A.B. asks: 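Structure in structure tokens, see below.
Remember, predicted model here, so these are calculated numbers, not experimental data. Sequence positions, counted from 1, serve as the residue numbers for this chain.
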Amino acid sequence: MPSKIFVNLPVENLKRSVAFFTELGFTFNAQFTDDTSTCMIVGDNLYVMLIEHAKFVGFVDKKIAPKDSVEAILAFSCESADHVRTLSEKAI
């Protein structure tokens with residue numbers, strides 16, 4: 001079994017994405033970060049790679065999903081309903 005999971009997501013603007021997720025309380029691993037991608041720490045063995053479009057397309061043979069379609073559904077568990085509300089308010 002894999003010991004770690006890295007979910008790779010394309011983003012249009014890495015700096016804006018990092019600012020957004022930092023505001024939600026996430027941190028990043030500098031070891032896997034450069035000007036076009038970063039490693040967001042979600043859990044002990046779960047990471048999300050945020051990769052700018054130009055770099056992301058180098059890994060796949062298909063187009064990135066356009067803005068009017070769905071490419072992923074992400075869900076986070078929280079310790080309480082209040083925590084869910086707080087994160088939702090920050091995200092909005």
Side-chain angles (χ1 to χ4, degrees):
M1 295 298 294
S3 60
K4 297 180 190 243
I5 297 174
F6 291 82
V7 176
N8 295 272
L9 296 177
V11 297
E12 287 185 2
N13 184 302
L14 183 64
K15 288 182 182 178
R16 201 168 57 222
S17 297
V18 168
F20 174 79
F21 285 108
T22 298
E23 183 65 26
L24 294 180
F26 290 95
T27 58
F28 301 86
N29 183 336
Q31 181 182 3
F32 298 107
T33 297
D34 61 22
D35 291 337
T36 58
S37 61
T38 190
C39 177
M40 184 170 72
I41 302 166
V42 179
D44 291 338
N45 295 307
L46 179 58
Y47 308 89
V48 174
M49 295 298 299
L50 303 175
I51 306 170
E52 286 195 345
H53 285 197
K55 185 174 185 176
F56 190 90
V57 296
F59 296 109
V60 295
D61 294 331
K62 296 182 179 183
K63 294 179 183 177
I64 295 171
K67 289 183 179 183
D68 63 349
S69 65
V70 175
E71 67 184 342
I73 296 175
L74 305 173
F76 300 97
S77 64
C78 297
E79 67 256 6
S80 68
D82 284 338
H83 190 210
V84 171
R85 281 188 283 282
T86 300
L87 279 180
S88 297
E89 290 169 0
K90 284 182 179 181
I92 291 170

A.B. asks: Just verifying a value: how many Å separate F26 CZ and Y47 OH, rounded to the nearest 0.5 Å?
C.D. replies: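 The CZ atom of F26 sits 13.5 Å away from the OH atom of Y47.
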A.B. asks: So V48 and F21, do their side chains get closer than 4.5 Å, heavy atoms only?
C.D. replies: no
A.B. asks: Could you report the tightest heavy-atom contact between K15 and N13, atom names first, then the distance?
C.D. replies: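 Minimum heavy-atom contact is N-OD1, 3.2 Å.
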A.B. asks: Is there side-chain contact between K67 and E12, with at least one heavy-atom pair below 4.5 Å?
C.D. replies: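 Yes, at least one pair of side-chain atoms sits under 4.5 Å.
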A.B. asks: Minimum heavy-atom separation for A91 and F20, please, with both atom names.
C.D. replies: O-CE1, 3.4 Å
A.B. asks: In terms of hydrophobic clusters joined by side-chain contacts under 4.5 Å, are M49 and L24 together?
C.D. replies: no
A.B. asks: Testing the basics here: between V84 and C78, what is the closest heavy-atom pair and its distance to 0.1 Å?
C.D. replies: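 Looking at all heavy atoms of both residues, the closest pair is CG2-CB, 3.7 Å.
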A.B. asks: In terms of hydrophobic clustering (I, L, V, M, F, W, Y; side-chain heavy atoms under 4.5 Å; direct or indirect links), are L87 and L46 co-clustered?
C.D. replies: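 In one cluster: yes.
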A.B. asks: Do V11 and F6 belong to the same hydrophobic cluster, where Ile, Leu, Val, Met, Phe, Trp and Tyr are linked whenever their side-chain heavy atoms lie under 4.5 Å apart, directly or via other members?
C.D. replies: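 They do not share one cluster, since no chain of ILVMFWY contacts under 4.5 Å joins V11 to F6.
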A.B. asks: For the CG atom of N29 and the OG1 atom of T38, what is their distance to the nearest 0.5 Å?
C.D. replies: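 Here the rounded value is 7.5 Å.
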A.B. asks: Start with the C-alpha gap between F56 and I64, add the side-chain angles, then the distance that decides, and say whether side-chain contact (heavy atoms from CB on, under 4.5 Å) holds.
C.D. replies: CA-CA 8 Å; F56 190 90; I64 295 171; 3.8 Å; yes
A.B. asks: Hey, are the side chains of I41 and F28 touching, using non-hydrogen atoms and a 4.5 Å cut-off?
C.D. replies: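 No, side chains not in contact.
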A.B. asks: Given the rule that I, L, V, M, F, W and Y join up when any side-chain heavy atoms are under 4.5 Å apart, are V7 and I51 in one cluster?
C.D. replies: no
A.B. asks: Nearest heavy-atom pair of V57 and A54: which atoms, and what distance?
C.D. replies: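 So the two residues come closest at CG2-O, 3.4 Å.
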A.B. asks: Please determine whether residues M40 and L9 belong to a single hydrophobic cluster, defined as Ile, Leu, Val, Met, Phe, Trp and Tyr linked transitively by side-chain heavy-atom distances below 4.5 Å.
C.D. replies: yes
A.B. asks: Roughly how far apart are C39 SG and K4 NZ, rounded to 0.5 Å?
C.D. replies: 9.0 Å
A.B. asks: Is there a side-chain contact between D35 and L14, using heavy atoms and a 4.5 Å cut-off?
C.D. replies: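 Sidechains of L14 and D35: no contact.
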